[in-house]
Amino acid sequence: MGCKQCKLRTTDGDEGTNERDESIQLQQPIKQKQPNSNNTKTTATPTTTTTSRSYAHDDVPLGIRLSVIEMVLEEGQTSGFKSTSDICYNIIKPKTAKMKCAYVDMVVDQEALVLVAPATCFISHAWSYNLEDSVDVMRQYEAEHPNTYFWFDLIVNNQHDTSERPFEWWCNTFQKSIEKIGTVVLVLAPWDNPTPLKRSWCLFEIMCSMNAGDNVDLQIRLPTRQEDAFVKGMRKDYESAMNALIGVKTEESQAFIESDKQNIFKAVEASIGFHKLNSQINDQMRFWFLAKGKRGVRKIEESGEDVSEDTEFAALCSSLGSMLIGLGDYDKALEYYAKALAISRKVLGDDHPNAAATYNNMANVFKRMGDNNNKALEYYGYALSIKRKVLGDGHPDTAATYNNMGLSFSDMGDLVNALEYYGNALSIWRKALGDHPSTATVYNNMAGIFYKKEDYSKALDYYGHALLIQKKVLGDAHPDTATTYNNMANVLDDSGDCSKALEYYGIALATRRAVLGDDHPETADTYFNIGNVFYHVGDHSQALEYYGKALSIRRKVLGDDHPDTTNTFHNMAIVFFNQGDYDKALEYYSILLLVRRKVLGDEHPSTANTYFSMANLFFNVGDYNKALQHYNNALSIRRKVLGDDHPDTAAIYKNMGLVYMEKEDVKKELEMLEKAHRAYLAAYGPDHENTIETNELIDRCKDAMH
């Protein structure tokens, strides 16, 4: 698409012919101070020009109309320059050299068209791009949002200014500028090896956008000429297409100016850290890729194209189903798998391995849906029948379905059938694969069953087999090997061998720190487990130290609202309580209560548990009124969710009775204890220790009344 012919006013005042109302003119800027004249390209920053036009109203960075950028593109193309970098050096910098200003400061508004105004859209792009790709994306956005003012660094930044910015700028100023603009559009190209995901500046801009939450609309767009290639690539090999987009490692990214990269890295570490940023960006790319895939399927179906025998389309639908599982959209996943299954059965027949694979995937969905293990077993059964018929009883894929069925039986609590199906898988994999990671996996699964059955000896035996294979095949420094050490330590801890448990946790920890890093969730898991061991042996100081390390990682990487983080708050509160440090225990319980009310709601059993724990604390310090207040909060939840006859409800009644005993309110004491006794009697019967104990308390209370 061409742009209107434009005549520019040069910086020394000579003018070309002026085509009225259709031209974009450059003016000599207001001169405030002479900037550094070092001829180095600046980077994408929305805050620096040397004239009074740097910011608009309320410190919103300036934006420029698309027509100005199109004019620059056309001039670059005419002169044989394509990339943003080349156009900067050969077009922008020479035009602004005399005054050392930003290009935006030389643009003259026209009578009927304001060309410069507060920015409404921030363009994140790579300077190695063909400028035409960035302009194409801006045209897409302009078509949907007329009269947009684009913040585009080539135009609005002073390309002669190389002054160093303070660290405060990197941590706060840039973030606020992004939020004031409100929309960030990432230009993604080339689709199969996108440059922005390797550039420090682009990743920093994405981080700032995500940090702003709902205050910034982050959009990812492909240039038009990349769109068709992307859809074709996605349809042909979905997995490869997706993998090209989700391997972000910010710590390996590059920037044109080394000091910019270092400052960006420091800002990341001061904010959310590399691990969490990489995870968030990769998740963002997955969401975008999934949305593009769903639109691609819809577009193909709406086109009227006959896809009833299109195996590439079936593969695309199957891959979308797999992605939707990861996002928890199970109904939609089943819908896409059903499309794939219909094509596979029509083209390849009912007994083809592809049909078996889809049945297996659909079974995985049912398994994750909760209370659908029977449906999962039905679909695993379809897959197993095909695999046994087509591949044979001794094929590794047949074993995989046996293993999956074992998982379902385990989830249902049917440990006998779980062991049987795991055993079938183990027999096949040992014979077909030998010492293979899959063989180790099923040993681990069987060990988990023995652990559930509290057969610790057999659990350790099977974990031992898994460990030998993993050390041989994967090596000592592998996450799976570390996981098996961790699992064995769990068994050792529960069986009372705390010394050996600490040894194995120590091996797992060293491996995870070396392989996964100090800030990885699995590293935090091991710190947490070590804290548990020290708690079990009564070493509260060491328990708090290791819980603290776990908490630091989990808050940083997972956030305060994650269940693993709240579990850590909970355990630390218990340790402080047992140490008699009630102020510190109350502090941690209070944080825990806020998070659980926020995440789980006011009527969740875990929220009730926290109220109950806090009530116990107040009881111990003699603050009986607050104890009753928190017991009542817990009671209202448990009565509603669990009912009056549940043991957990009974426990509250009993403890409230004890509070009233301390307050010497015998009447209320008896009332609460009798409610506790009725609940224990209904739940456990007359011979349970809780029923007997409560009955004895009632007798004592009655004696005190006479």
Side-chain angles (χ1 to χ4, degrees), residues 1-11 14-19 21-27 39 41-44 63-98 101-108 110 113 115-116 119 121-143 146 148-160 185-191 193-196 199 201-202 221-230 256:
M1 170 180 161
C3 65
K4 298 175 182 177
Q5 286 294 313
C6 305
K7 299 294 182 181
L8 308 181
R9 181 181 298 166
T10 61
T11 55
D14 294 333
E15 296 186 28
T17 58
N18 180 13
E19 294 182 10
D21 290 337
E22 294 188 357
S23 63
I24 298 171
Q25 300 181 359
L26 299 187
Q27 69 174 357
N39 189 33
K41 180 182 81 68
T42 58
T43 49
I64 195 82
R65 289 300 299 271
L66 177 58
S67 55
V68 177
I69 307 170
E70 288 177 323
M71 177 195 71
V72 172
L73 170 63
E74 185 170 329
E75 186 171 354
Q77 290 174 329
T78 301
S79 303
F81 304 116
K82 294 183 178 181
S83 73
T84 304
S85 180
D86 286 345
I87 289 174
C88 175
Y89 279 105
N90 295 284
I91 304 294
I92 298 298
K93 293 189 79 170
K95 286 183 179 297
T96 56
K98 185 171 183 178
C101 66
Y103 191 86
V104 68
D105 295 309
M106 301 177 67
V107 175
V108 182
Q110 300 175 17
L113 181 62
L115 299 174
V116 182
C121 179
F122 180 106
I123 299 297
S124 178
H125 66 109
W127 276 54
S128 59
Y129 280 170
N130 188 329
L131 179 58
E132 186 175 7
D133 285 338
S134 296
V135 170
D136 177 271
V137 166
M138 284 185 265
R139 286 171 179 157
Q140 295 175 30
Y141 188 86
E142 173 78 15
T148 295
Y149 287 88
F150 293 99
W151 189 94
F152 190 61
D153 56 356
L154 176 70
I155 304 298
V156 301
N157 268 1
N158 185 344
Q159 304 303 331
H160 304 278
V185 173
L186 174 66
V187 182
L188 197 70
W191 75 266
N193 188 24
T195 304
R199 305 302 296 171
W201 263 109
C202 292
R221 293 183 179 238
L222 287 170
T224 303
R225 63 180 181 176
Q226 291 280 320
E227 189 81 33
D228 291 341
F230 173 77
F256 185 83

Nearest 0.5 Å please: distance from the CG atom of L186 over to the OG atom of S124. 5.0 Å
Checking Y141, F152, Y149 against C121 for side chain to side chain contact (heavy atoms under 4.5 Å, CB included), the one that qualifies is Y141
Do V187 and P223 have side chains that get closer than 4.5 Å, going by heavy atoms? yes
With sequence neighbours left out, what residues match T195 under side chain to side chain contact (heavy atoms under 4.5 Å, CB included)? A126, S128, Y129, P190, R199
Could you state the interatomic distance from CG (D105) to CD1 (I155), rounded to the nearest 0.5 Å? 11.5 Å
CG (L131) and CD1 (I91) are apart, to the nearest 0.5 Å, by 10.5 Å
Validation row: H125, P196 side chains within 4.5 angstrom (heavy atoms): no
Please step through side chain to side chain contact (heavy atoms under 4.5 Å, CB included) for the pair R225 and N130, ending with a clear verdict. CA-CA 12 Å; R225 63 180 181 176; N130 188 329; 3.6 Å; yes
For a 4.5 angstrom cut-off between non-hydrogen side-chain atoms, does N90 reach S79? no
Sub-3.5 Å donor-acceptor pair from the side chain of D86 to the main-chain atoms of K82, do we have one? no
Check: T148 main-chain N/O paired with E142 side-chain donor or acceptor under 3.5 Å: yes
As a quick check of understanding, evaluate side chain to side chain contact (heavy atoms under 4.5 Å, CB included) for R139 and E70, giving each step before the final call. CA-CA 10 Å; R139 286 171 179 157; E70 288 177 323; 2.8 Å; yes
For the atom pair SG (C88) and CZ (F81), what is the distance rounded to the nearest 0.5 Å? 12.0 Å
Is a side-chain N or O of N157 found less than 3.5 angstrom from the main chain of Q159, in a donor-acceptor match? no
With sequence neighbours excluded, tell me which residues meet ring-ring contact (aromatic ring centres under 6.0 Å, His included) with F230. W191, W288, F289
Measuring only between side-chain heavy atoms, which start at C-beta, is E75 closer than 4.5 Å to K95? yes
Side chain to side chain donor-acceptor pair (under 3.5 Å) against Q140, all qualifying residues, sequence neighbours excluded: D136
Do V135 and L66 have side chains that get closer than 4.5 Å, going by heavy atoms? yes
Atom pair CG/OG of L154 and S85 - distance to nearest 0.5 Å: 9.5 Å
What distance do R221 atom CZ and E227 atom CD have between them, rounded to the nearest 0.5 Å? 10.0 Å
What I'd like to find out is whether the side chain of D153 reaches to under 4.5 Å of the side chain of W151, using heavy atoms alone. yes
